[in-house]
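The basis for the numbers below is simple: all heavy atoms, side chains too, and nothing from hydrogens, waters or symmetry mates. Along the sequence shown, the residues carry numbers beginning at 1.
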Amino acid sequence: MFADSHCHLNYKGLVDDQAAVLERARARGVGAMLNISTRESEWDAVIATAEREPDVWASVGIHPHDADHHPHIDTAALVARAAHPRVIAIGESGLDYHYDHSDRARQQASFRAHIGAARAANLPIIVHTRDAEEDTLAIMREEMEEGAYTGVIHCFTASGAFADQALALGLYISISGIVTFKNATDLQAVAARLPAERLLIETDAPFLAPIPHRGKPGEPAFVADTAAFLAKLRGDTVDDLAATTAANFFTLFGKTKA
């Protein structure tokens, strides 16, 4: 069984044919999907999908791109919505200095609020980081000193040094279809050596479709293709990698077992 630890089932390209998207995922052995929210206006729909589908769960969070538009979303607001039985994670949140769609100070404040919610709700945080390794690590370290929390670096594309430091903090690392791209040699080198017990896989659908689906909207079904590539890269079998990453999914997102 495969677990897609990060997808956007309510985004354009998937939501208009959601039932068929889910059917295709299940046909390829995907037995768990985490449907991620990125702004407050999505929360109701993302949770509704998780209420309707037994193999889909939800997160609540504000993407760093949208931090400027959500100054009212604080730790308390996140914790309140995370009380829903189908919400198993906080996020995605973090820092994105590549596009700077939101003020950096506002992104940082939002990220800290999300970590506080993860700590208070005893749920993992889903971390987005792009061109912001130093600040992301600094905030994660400072917040860990305030109280332990767990989480995952989603769609990992950062440096090997960042991976090592995130692992040292106790976080998991999730690999997307980017690992299959021909120019992703640095990522492939890191993905090949990540500890199996902290490894997750994801699609970030409808984005980042892996080879051989480049140019198409991504789907949770495609996590099987990423897993096949990653298994070969790591000298593993697909079945073993699927079993390991699925077990890690249910361990990290322990509320799934409730």
Side-chain angles (χ1 to χ4, degrees), residues 3-11 14-15 32-47 49-50 56-70 73-75 77-79 81-82 84 86-102 104 106-119 121 123-133 135-137 139-140 143 149-158 162 166 169 171-178 200-208 218 220 223 249 252-253 255:
D4 184 354
S5 68
H6 194 111
C7 57
H8 301 277
L9 293 170
N10 291 78
Y11 271 25
L14 297 183
V15 69
M33 290 162 271
L34 180 47
N35 193 20
I36 304 295
S37 65
T38 59
R39 54 185 69 90
E40 185 184 16
S41 61
E42 298 170 358
W43 291 359
D44 287 345
V46 166
I47 291 171
T49 298
V56 175
W57 287 269
S59 77
V60 290
I62 306 300
H63 194 285
H65 287 342
D66 291 283
D68 278 352
H69 305 295
H70 293 80
I73 298 299
D74 58 8
T75 292
L78 291 161
V79 170
R81 290 309 299 269
H84 191 285
R86 300 298 293 175
V87 174
I88 63 169
I90 302 293
E92 65 187 280
S93 180
L95 306 177
D96 194 311
Y97 294 173
H98 183 79
Y99 290 108
D100 278 325
H101 288 329
S102 284
R104 292 186 179 185
R106 181 62 221 155
Q107 290 185 49
Q108 293 169 16
S110 179
F111 188 23
R112 290 183 187 276
H114 280 73
I115 294 175
R119 187 188 295 116
L123 294 177
I125 182 169
I126 298 158
V127 179
H128 171 110
T129 182
R130 188 170 185 188
D131 293 348
E133 289 189 21
D135 284 355
T136 300
L137 279 171
I139 288 172
M140 291 195 303
E143 290 295 329
Y149 63 92
T150 189
V152 55
I153 308 298
H154 114 83
C155 192
F156 182 84
T157 56
F162 181 95
L169 288 171
L171 275 72
Y172 289 64
I173 292 179
S174 183
I175 301 297
S176 73
I178 292 175
L200 296 175
I201 50 177
E202 66 172 86
T203 59
D204 204 13
F207 310 111
L208 306 177
V223 78
F249 177 92
L252 177 60
F253 302 109
K255 193 174 172 181

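- Minimum heavy-atom separation, Ser5 to Ser174: OG-OG, 3.0 Å.
- Residues passing the ring pair (Phe, Tyr, Trp, His ring centres under 6.0 Å) test with Tyr11 are His8, Phe207, sequence neighbours excluded.
- Met33 approaches Cys7 most closely through the heavy-atom pair CB-SG, 4.1 Å.
- Ala3 is linked by a side-chain contact (heavy atoms from CB on, under 4.5 Å) to Ala32, Ala246, Phe249, counting only residues two or more places apart in sequence or in another chain.
- In this structure, OG on Ser110 lies 9.0 Å from CD1 on Ile73, to the nearest 0.5 angstrom.
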Would you check, one step at a time, whether the test side-chain contact (heavy atoms from CB on, under 4.5 Å) holds for Asp4 with Leu34?
CA-CA 6 Å; Asp4 184 354; Leu34 180 47; over 6 Å; no
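- Shown here are the salt bridge (charged side-chain N to carboxylate O under 4.0 Å, His left out) partners of Asp44, two or more places apart in sequence or in another chain: Arg81.
- Nearest heavy-atom pair, Ala158 versus Glu133, reported as atom, atom and distance to 0.1 Å: CB-OE2, 3.4 Å.
- Taking the side-chain contact (heavy atoms from CB on, under 4.5 Å) definition, one finds that Ala109 meets it with Arg106, sequence neighbours left out.
- Take Asp68 and apply the side-chain hydrogen bond (donor to acceptor under 3.5 Å, both in side chains) test, not counting sequence neighbours, and it matches no residue.
- Within the 4.5 Å cutoff, the side chain of Trp43 has heavy atoms near those of the Ile62 side chain.
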Can you check side-chain contact (heavy atoms from CB on, under 4.5 Å) on Trp57 and Val87, steps first, answer last?
CA-CA 6 Å; Trp57 287 269; Val87 174; over 6 Å; no
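- Between the NZ atom of Lys255 and the NE2 atom of His84 there is a distance of 8.5 Å, given to the nearest 0.5 Å.
- Applying the side-chain hydrogen bond (donor to acceptor under 3.5 Å, both in side chains) rule to Ser59 yields no partners; only residues at least two apart in sequence or on another chain are considered.
- The side-chain hydrogen bond (donor to acceptor under 3.5 Å, both in side chains) test applied to Glu42 returns Thr38, Arg39, not counting sequence neighbours.
- Residues passing the side-chain contact (heavy atoms from CB on, under 4.5 Å) test with Ala132 are Leu95, Tyr97, Thr129, Thr136, sequence neighbours excluded.
- Taking OG of Ser37 as the reference point, atom CG of Leu9 lies at 12.0 Å (rounded to 0.5 Å).
- Side chain of Arg119 to backbone of His114: no donor-acceptor contact under 3.5 angstrom is found.
- Of all the heavy atoms in Ala117 and Thr75, the pair that sits closest is N-CG2, 3.6 Å.
- Between Leu252 and Thr150, the closest side-chain pair of non-hydrogen atoms falls below 4.5 Å.
- Ser176 meets the side-chain hydrogen bond (donor to acceptor under 3.5 Å, both in side chains) test with no other residue; sequence neighbours excluded.
- The CD1 atom of Ile178 sits 8.0 Å away from the CG atom of Asp204 when rounded to the nearest 0.5 Å.
- Applying the ring pair (Phe, Tyr, Trp, His ring centres under 6.0 Å) criterion to His101, with sequence neighbours excluded, gives His65, Tyr99.
- Two residues are said to be in side-chain contact when any heavy atoms from C-beta on lie closer than 4.5 Å; His154 and Val127 fail this criterion.
- Considering CD1 of Ile115 and CD1 of Ile125, their distance stands at 5.0 Å, rounded to 0.5 Å.
- Thr157 is not listed as a side-chain neighbour of Arg130, based on a closest heavy-atom distance of 4.5 Å or more.
- Using a 4.5 Å heavy-atom cutoff, the side chains of Ile173 and Val152 are not in contact.
- Neither side chain, Ser102 nor Asp66, offers a donor N or O lying under 3.5 Å from an acceptor on the other.
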Can you check side-chain contact (heavy atoms from CB on, under 4.5 Å) on Ile47 and Val60, steps first, answer last?
CA-CA 9 Å; Ile47 291 171; Val60 290; 4.2 Å; yes
Please evaluate residues Ile126 and Ile36 with respect to the criterion side-chain contact (heavy atoms from CB on, under 4.5 Å), reporting the C-alpha separation (whole Å), side-chain torsions for both, the decisive distance (0.1 Å), and the verdict.
CA-CA 9 Å; Ile126 298 158; Ile36 304 295; 3.4 Å; yes
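- In this structure, Leu123 CG and Ile90 CD1 are separated by 5.5 Å, a value rounded to the nearest 0.5 Å.
- The shortest heavy-atom contact between Met140 and Tyr149 is O-OH, 2.8 Å.
- Remark: Glu40 engages no residue in a salt bridge (charged side-chain N to carboxylate O under 4.0 Å, His left out) (not counting sequence neighbours).
- Among residues at least two apart or in separate chains, salt bridge (charged side-chain N to carboxylate O under 4.0 Å, His left out) pairs with a member in residues 91-100 are Asp100-Arg104.
- Minimum heavy-atom separation, Pro64 to Gln107: CB-OE1, 3.4 Å.
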